[in-house]
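The figures that follow rest on heavy atoms only: side chains count, while hydrogens, waters and symmetry mates do not. Source: prediction; values computed, not measured.
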Amino acid sequence: MIDNYKFSTLEYKRPDGEARRAQLIKWKEAVEHAENYDALRKLMLEIDRENCELFTQYSIAHIRHTLDTRDEFYEAEIQYLQDTLPTLSGDEVALSEAIAASPFRADIERDLGKQYFVSMDLQKKLYCEANVPLRQQESRLTNEYQKIMATAEIPFDGKNLNLYGVQKYFEHPDRAMRAAAVKAYSKFYEDNEPRLEQIWDELIRIRNQMGKNLGYENYIPVGYLEQGRTDYGEKEVASFREQVRTVLVPLCKKLYDAQAKRLGVDHVMWYDEKMVFPDGNAEPAGDDAFMVKTAQKMYHEISPETGEFIDFMIDHELMDLQNKPGKASTGYMTSLPSLKAPFVFSCFNHTIFDMQVLTHELGHAFAGYMAMRSQPISDYYSESTDIAEIHSMSMEQFAYPYAEWFFGDQADKFRFAHLQEALTFVPFGVAVDEFQHICYAHPELTPKERTYQWHLLEEKYMPWRHYENDPFFERGGYWYHKLHIYLYPFYYINYTLTTMGAMEFKKKYAEDKAAAWQDYLNLCKTGGQPQLSRNAALCKSVQPLRGWLCRACLRVRGGHSAQADRGAGAERVRSPHLAADDPTIRKAAGGTMKSHGSSRLFYFVSLFYRRLVTGQASCSVVSPTAFMAPRCAFPLGLLMLDKLHLLLKGFTLVL
């Protein structure tokens, strides 16, 4: 492993597809003839090292392509890789089957855990030779969408701005300027709507055909399998969305009503939603370099591990955060596994979003950094998608005590706006999820009918949203901006569920910082390993853990049960085949709060995460009646809502 390197000087070597195929065949034969477990284990570690090198080369190409989507060399390399790698899937599955059929399987399970084979089973279920050309077509279409977004040039305020550049104006103190910026933003999508419609129409057709080739009615079950969801389905996710609609949406409406009063307007229009305070939102107290330097100071203060991590990221140039022409309009964390190195990508725009990048994406990166140094094989370097966003969203909460370092006397504004958005984001998140279900389940809809479905979802989950003099957004055009819909199907629901997990960590961090941090650190070290550390005291197996969440967090009043994977355009690139008790609240709430009637949605989500970090989570089969919580319980989900009611009241009085 190279020690002295910078990302900018790393050599990219195009992987040889045919050599890889020959190597997979050779490994399969060697697995079948392994004479003992020691020989097999040595071979498996060799395979893992080569897999890490392959993924590292893919990551280098992917990162450099997204850094400048106009770079023809890396555009061609990504196309080559996305055309070549799917053709190797059959040989990869054959190798996996040979390992699974080994007479030393019991030794593998004792050494690496049963989850090792769970992942293999998912890979096998998702493989179909007929889907290889469809995967290639899918990659071309998603790359085209991303390039359209990255090369956006929006004339506004005497400048040519990209998407991140124009979004900064959404927080401009002049209401007319905000409205004009939103109109310019909307016009970009309206001008590109014909091609965006075609891309989405083709993706629906291709992905639904993938599902049919695997024996399903449409793509939805395949999307769930790709997210590793084997123990819950559409009905359970629909139950979660319905509880968001009935429990959370009314609170969000109150938050926006209070915001309208602060701003002195009758109603918050869409171009007002980001303008939280009448005298201006919190802005970083310095430039991009200041933010990174301050983040380095913060991470050294949080713990020795995070201090070591941030120095590693800076020393090796593993962050690219400046907004530049041609740069992909997104934010993500990916990894260079052969170097045991995370990489963070984003586009700063001098708003509170920059702070979110330095905590959310670096939360992902820290989790990867620790797992890569704690787990024996790369299969366990990444946690399952069900919990991946806990690491990132919790790090956002851990940064609250340091807000003054980044925002000076505007720190309370940052904390309030961030906490409010943690809630108001959730209805949008479930709308994104439901929109995908509608589109794949009803391929007969025309492009305009699909867009109208988004309009209906906004009325359902965001009834406060109003567009002014914008027929395009009014008829549903806003959905085109969400790249997850195009690039990462069915991932988005994870952001909404893990909000509860982050709030659990927030609460514990305020009560016992050392204990909360140790729980978080152990969770990061665990990665995707099923045999969780005894010191972490979490649970013996990830899969039953997810099954418990399935049964627990989505129980509808007296009904069935089950489970369900924000970012400011953020996602986590995962594989070559895809990709309150803080001072602000106490000040605003006056230290008093009371409990309202409990909701099973928030009770069970908070109960799950509380048990996750305290070691009370059990892998045993639990009777459904065990999840019928007493009505006198004080769930964190509702505790959070109560605090926000009071926080809202406090700021309304102040402002």
Got [X] and [Y] here, is their nearest side-chain heavy-atom distance under 4.5 Å?
{"X": "F472", "Y": "K187", "result": "no"}
{"X": "T451", "Y": "Y480", "result": "yes"}
{"X": "P447", "Y": "W200", "result": "no"}
{"X": "H418", "Y": "Q397", "result": "yes"}
{"X": "L248", "Y": "V430", "result": "no"}
{"X": "E236", "Y": "F240", "result": "no"}
{"X": "Y169", "Y": "L161", "result": "yes"}
{"X": "F425", "Y": "T496", "result": "yes"}

If only atom types and distance count, is the side chain of [X] paired as donor or acceptor with the main-chain N or O of [Y] below 3.5 Å?
{"X": "N162", "Y": "A150", "result": "no"}
{"X": "N281", "Y": "F277", "result": "yes"}
{"X": "N143", "Y": "S139", "result": "yes"}
{"X": "Q436", "Y": "V432", "result": "yes"}
{"X": "T385", "Y": "Q227", "result": "yes"}
{"X": "Q167", "Y": "L163", "result": "yes"}
{"X": "R245", "Y": "Y461", "result": "no"}
{"X": "D174", "Y": "A176", "result": "yes"}
{"X": "T446", "Y": "E449", "result": "yes"}
{"X": "D191", "Y": "F188", "result": "no"}

Distance, nearest 0.5 Å, that separates [atom1] of [X] from [atom2] of [Y]:
{"X": "N218", "Y": "C439", "atom1": "CG", "atom2": "SG", "value": "11.5 Å"}
{"X": "M355", "Y": "E283", "atom1": "CE", "atom2": "CD", "value": "15.0 Å"}
{"X": "K482", "Y": "Y492", "atom1": "NZ", "atom2": "OH", "value": "3.0 Å"}
{"X": "T351", "Y": "F414", "atom1": "OG1", "atom2": "CZ", "value": "10.5 Å"}
{"X": "L483", "Y": "T330", "atom1": "CG", "atom2": "OG1", "value": "4.5 Å"}
{"X": "E138", "Y": "L487", "atom1": "CD", "atom2": "CG", "value": "9.0 Å"}

Relative to the ring of [Y], is the ring of [X] parallel (under 30°), tilted (30 to 60°) or perpendicular (over 60°)?
{"X": "H267", "Y": "H466", "answer": "perpendicular"}
{"X": "Y495", "Y": "H360", "answer": "tilted"}
{"X": "F345", "Y": "Y332", "answer": "parallel"}

[X] to [Y] - nearest heavy-atom pair and separation:
{"X": "T499", "Y": "A422", "result": "CG2-O, 3.7 Å"}
{"X": "P173", "Y": "R178", "result": "O-NH1, 3.5 Å"}
{"X": "E383", "Y": "H391", "result": "CG-CE1, 3.5 Å"}
{"X": "G233", "Y": "Y224", "result": "C-CE2, 3.7 Å"}
{"X": "A365", "Y": "V344", "result": "CB-CG2, 3.7 Å"}
{"X": "N323", "Y": "F348", "result": "CB-O, 3.3 Å"}

Side chains of E144 and Y486, donor plus acceptor under 3.5 Å: no
Lys NZ or Arg CZ of R465 over Y478 ring: under 6.0 Å, within 45°: yes
Lys NZ or Arg CZ of R175 over Y271 ring: under 6.0 Å, within 45°: no
Derivation of the salt bridge (charged side-chain N to carboxylate O under 4.0 Å, His left out) call for R415 and D412: CA-CA 5 Å; R415 281 186 279 252; D412 274 352; 3.0 Å; yes
F490 and I220: CA distance, side-chain angles, deciding distance, side chain to side chain contact (heavy atoms under 4.5 Å, CB included) verdict: CA-CA 8 Å; F490 296 110; I220 296 173; 3.8 Å; yes
Sole residue of K448, R195, R207, R450 in salt bridge (charged side-chain N to carboxylate O under 4.0 Å, His left out) with D201: R450
Count the heavy atoms belonging to other residues, nucleotides or ligands that lie under 6.0 Å from [atom1] of [X], then report whether that count exceeds 12.
{"X": "K168", "atom1": "NZ", "value": "yes"}
{"X": "K253", "atom1": "NZ", "value": "no"}
{"X": "E217", "atom1": "CD", "value": "no"}
{"X": "Q322", "atom1": "CD", "value": "no"}
{"X": "K327", "atom1": "NZ", "value": "yes"}

Salt bridge (Lys or Arg N to Asp or Glu O under 4.0 Å): pairs with one or both residues in residues 467-481, sequence neighbours excluded: E193-R475
Side chain to side chain contact (heavy atoms under 4.5 Å, CB included) between S346 and F353, intermediate numbers included: CA-CA 10 Å; S346 193; F353 166 73; 3.5 Å; yes
Among F435, W454, W479, ring pair (Phe, Tyr, Trp, His ring centres under 6.0 Å) partner for F428: W454
Full working for side chain to side chain contact (heavy atoms under 4.5 Å, CB included) between D354 and N349: CA-CA 7 Å; D354 300 354; N349 64 359; 3.5 Å; yes
Ring pair (Phe, Tyr, Trp, His ring centres under 6.0 Å) between Y520 and F505, intermediate numbers included: CA-CA 8 Å; Y520 178 80; F505 267 119; 5.8 Å; yes
H437 vs E234, side-chain hydrogen bond (donor to acceptor under 3.5 Å, both in side chains): CA-CA, chis, key distance, verdict: CA-CA 8 Å; H437 283 83; E234 299 173 61; 4.8 Å; no
Stepwise salt bridge (charged side-chain N to carboxylate O under 4.0 Å, His left out) check, D279 with K413: CA-CA 11 Å; D279 58 343; K413 283 186 175 183; 2.8 Å; yes
CA sep, side-chain torsions, deciding dist, call: L419, Y400, side chain to side chain contact (heavy atoms under 4.5 Å, CB included): CA-CA 10 Å; L419 191 57; Y400 272 36; 3.7 Å; yes
